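These values consider heavy atoms only, across backbone and side chains, with no hydrogens, waters or symmetry-generated copies. This structure is a prediction, so every number in the text was calculated from the model and none was measured.
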Amino acid sequence: MGNCRISRVRCYACAAMAVTMMDIARDLEVSVVTVSKALRNQGKISAETRQRVLQRAKQLNYQMNWVARSLVTRRTYTIGLLLPEFTHSFFAEVARAAAQTLRPHGYHVITSYFDEDPEVELSEADSLLARQVDGLIIASAQPIRGHDLFRRIQERNVPYVLVDRPIRGLNASFVGTDNLAIGRLATEHLIDRGCSRIGHLRGPAIGIAAERLEGYRRSLAKHGLPLKSRYVVTAGHGDESGYEGMRRLLQLRPIPDGVFCFNDPVAIGAIKAIREAGLRVPDDIAVVGAGNVHYSDLLAVPLTTIDQDTLQIGARAAEILLERVGQRRSVRPRKVLIPPKLVERESTRRIG
């Protein structure tokens with residue numbers, strides 16, 4: 001080895017081959033199993049031993065041989081996360097919570113976005129399956145009763161968990177919020193604030209939009225308020241479509257005095273349209289969103305919204321998926337509904 005000084009610890013700087021777990025085990029005089037447990041943060045070993053292994057691995061610039069590990073375990077230690085968009089902080093928070101839950105178990109997350117396009121979603125799902133991911137977490141934009149995507153996944157025996165958006169008629173694990181309750185909470189809050197002409201900017205053609213609309217309808221009926229179809233306007237899922245939808249509502253006579261919006265971005269667009277029309281939020285029109293995105297309290301008019309606990313959605317979905325990865329037998333799907341909570345801010349706080 002030339003001029004390299006040789007001690008009990010081998011000189012890896014001059015070694016032609018990559019450092020292995022066996023090398024680390026030999027240096028520290030422990031078993032390969034102990035090294036493996038320490039590197040994977042699993043198993044019962046002392047904190048001192050774990051720290052020694054991690055420190056030596058760092059010194060030697062040890063890199064996990066994922067190909068070899070996959071051949072042994074028949075896993076790739078990757079999880080696919082399939083989301084409709086990355087600009088909406090709701091999904092960014094779900095992704096962050098899922099990754100934080102999966103990472104300590106040795107999994108890496110591959111995130112794909114499909115811009116609310118069902119065909120792109122199919123293509124992205126195929127790409128993730130081709131990478132042989134061990135599981136999938138999906139917030140799907142597939143139409144109601146659109147099950148082709150999930151048949152493909154099931155044919156590959158890849159476990160998956162749906163988040164935020166259940167698919168009607170599909171027997172699959174799901175983590176999300178009670179969307180009927182979101183519609184009820186938002187509408188009843190507007191009624192409590194004295195609104196009697198309540199409009200709804202409904203979401204795209206996915207199941208959760210229909211459920212939130214139904215919650216809105218039931219609350220109006222419960223309080224004896226008329227349901228007028230012209231006060232329900234399709235406004236998509238973004239601020240621009242929310243802005244255009246609100247402009248349509250403002251053409252009505254009489255105009256609404258309260259608006260329940262499909263989500264927070266739609267509500268942000270709605271508030272912009274209201275203020276541009278010279279009207280005041282909430283004095284002229286009170287506004288409620290859904291999602292409680294992280295900037296909702298920083299807006300010019302802080303937004304009253306329905307919190308869906310996005311971090312819990314991501315974490316619980318990851319936990320359920322971890323339970324299913326590697327299972328050789330079929331496991332009964334689990335459904336977790338997280339109760340929504342009203343977060344009141346200035347957009348509905350009327351004086352008097």
Side-chain angles (χ1 to χ4, degrees), residues 70 73-86 88 90-177 179 206-208 211 308-338:
S70 296
T73 63
R74 296 189 177 183
R75 299 185 195 176
T76 61
Y77 288 89
T78 55
I79 298 294
L81 194 55
L82 199 52
L83 300 174
E85 57 176 308
F86 65 90
H88 190 344
F90 174 90
F91 294 111
E93 290 172 11
V94 169
R96 179 163 63 93
Q100 288 175 343
T101 304
L102 293 164
R103 199 173 293 126
H105 296 272
Y107 284 89
H108 298 274
V109 175
I110 303 173
T111 306
S112 293
Y113 299 97
F114 51 85
D115 297 321
E116 295 284 1
D117 186 325
E119 291 302 318
V120 175
E121 180 184 359
L122 286 168
S123 174
E124 290 295 321
D126 284 341
S127 295
L128 290 170
L129 291 172
R131 291 173 179 266
Q132 297 184 323
V133 293
D134 294 329
L136 290 163
I137 296 174
I138 309 170
S140 181
Q142 294 301 301
I144 296 173
R145 298 186 181 86
H147 294 183
D148 287 349
L149 166 62
F150 307 103
R151 276 192 287 269
R152 295 188 198 184
I153 297 171
Q154 289 164 354
E155 286 169 359
R156 299 284 291 272
N157 293 318
V158 175
Y160 67 94
V161 179
L162 299 177
V163 292
D164 185 51
R165 304 170 173 188
I167 303 294
R168 187 177 300 172
L170 184 68
N171 191 25
S173 292
F174 169 76
V175 181
T177 312
N179 287 286
I206 52 178
I208 62 172
E211 290 179 7
Q308 298 175 240
D309 203 342
T310 50
L311 295 180
Q312 190 177 354
I313 289 174
R316 293 293 296 276
E319 289 167 1
I320 291 172
L321 191 60
L322 285 170
E323 293 171 2
R324 280 150 174 72
V325 170
Q327 290 276 1
R328 294 185 179 180
R329 57 186 178 82
S330 179
V331 180
R332 181 178 297 177
R334 288 181 57 191
K335 289 182 171 58
V336 178
L337 279 184
I338 298 168

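- A heavy-atom distance below 4.5 Å is found between the side chains of Leu82 and Glu124.
- For the pair Val161/Ile138, no side-chain contact is recorded, criterion being any heavy-atom separation below 4.5 Å from C-beta on.
- The closest side-chain heavy-atom distance from Phe114 to Glu85 is not below 4.5 Å.
- Here the CG-CD1 distance, from Leu128 to Ile153, works out to 9.0 Å after rounding to the nearest 0.5 Å.
- By the ring-ring contact (aromatic ring centres under 6.0 Å, His included) test, Tyr113 pairs with Phe86, sequence neighbours left out.
- One finds the CG atom of Leu337 at 6.0 Å from the CZ atom of Phe174 (value rounded to the nearest 0.5 Å).
- The line from CG of Leu136 to CG of Leu321 is 7.5 Å long, rounded to the nearest 0.5 Å.
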List the atom pairs, with distances to 0.1 Å, where a side-chain N or O of residues 309-317 and a protein N or O form a donor-acceptor pair under 3.5 Å, not counting sequence neighbours.
{"unit_1": "Asp309", "atom_1": "OD1", "unit_2": "Gln312", "atom_2": "N", "d": "3.4"}
{"unit_1": "Thr310", "atom_1": "OG1", "unit_2": "Glu93", "atom_2": "OE1", "d": "2.7"}

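- Considering only residues two or more places apart in sequence or on other chains, Arg131 meets the side chain to side chain donor-acceptor pair (under 3.5 Å) condition with none of them.
- Going from atom CD1 of Ile167 over to atom OG of Ser140 covers 4.0 Å, rounded to the nearest 0.5 Å.
- Qualifying side chain to side chain donor-acceptor pair (under 3.5 Å) partners for Arg334, counting only residues two or more places apart in sequence or in other chains: Glu323.
- When the side chain to side chain contact (heavy atoms under 4.5 Å, CB included) test is applied to Gln100, the partners found at least two apart in sequence or on another chain are Arg96, Arg103.
- Looking only at side-chain heavy atoms (C-beta outward), Tyr160 and Ser173 stay at 4.5 Å or farther from each other.
- With sequence neighbours excluded, the residues satisfying side chain to side chain contact (heavy atoms under 4.5 Å, CB included) with Arg151 are His147, Asp148.
- Distance check: Tyr107 OH to Thr78 OG1 gives 9.0 Å after rounding to the nearest 0.5 Å.
- Checked against salt bridge (Lys or Arg N to Asp or Glu O under 4.0 Å), Glu116 has the following partners two or more places apart in sequence or in another chain: Arg165.
- Annotation: side chain to side chain contact (heavy atoms under 4.5 Å, CB included) contacts of Asp117 (sequence neighbours excluded): Glu119, Val120.
- Under the rule for a side chain to side chain contact (heavy atoms under 4.5 Å, CB included), the partners of Asn171 that lie at least two apart in sequence or sit in another chain are Pro333, Lys335.
- Applying the side chain to side chain donor-acceptor pair (under 3.5 Å) criterion to Thr177, with sequence neighbours excluded, gives no partner residue.
- The shortest side-chain heavy-atom distance between Ile137 and Val163 falls under the 4.5 Å cut-off.
- Put simply, the side chain of Asp134 gets close to the backbone of Tyr77: a donor and an acceptor are under 3.5 Å apart.
- Listed by first and then second residue, the ring pair (Phe, Tyr, Trp, His ring centres under 6.0 Å) pairs that reach into residues 116-140 come to none, sequence neighbours excluded.
- Under the rule for a side chain to side chain donor-acceptor pair (under 3.5 Å), Thr101 has no partner lying at least two apart in sequence or in another chain.
- In this structure, CZ in Arg152 is found 9.0 Å from CG in Leu129, a value given to the nearest 0.5 Å.
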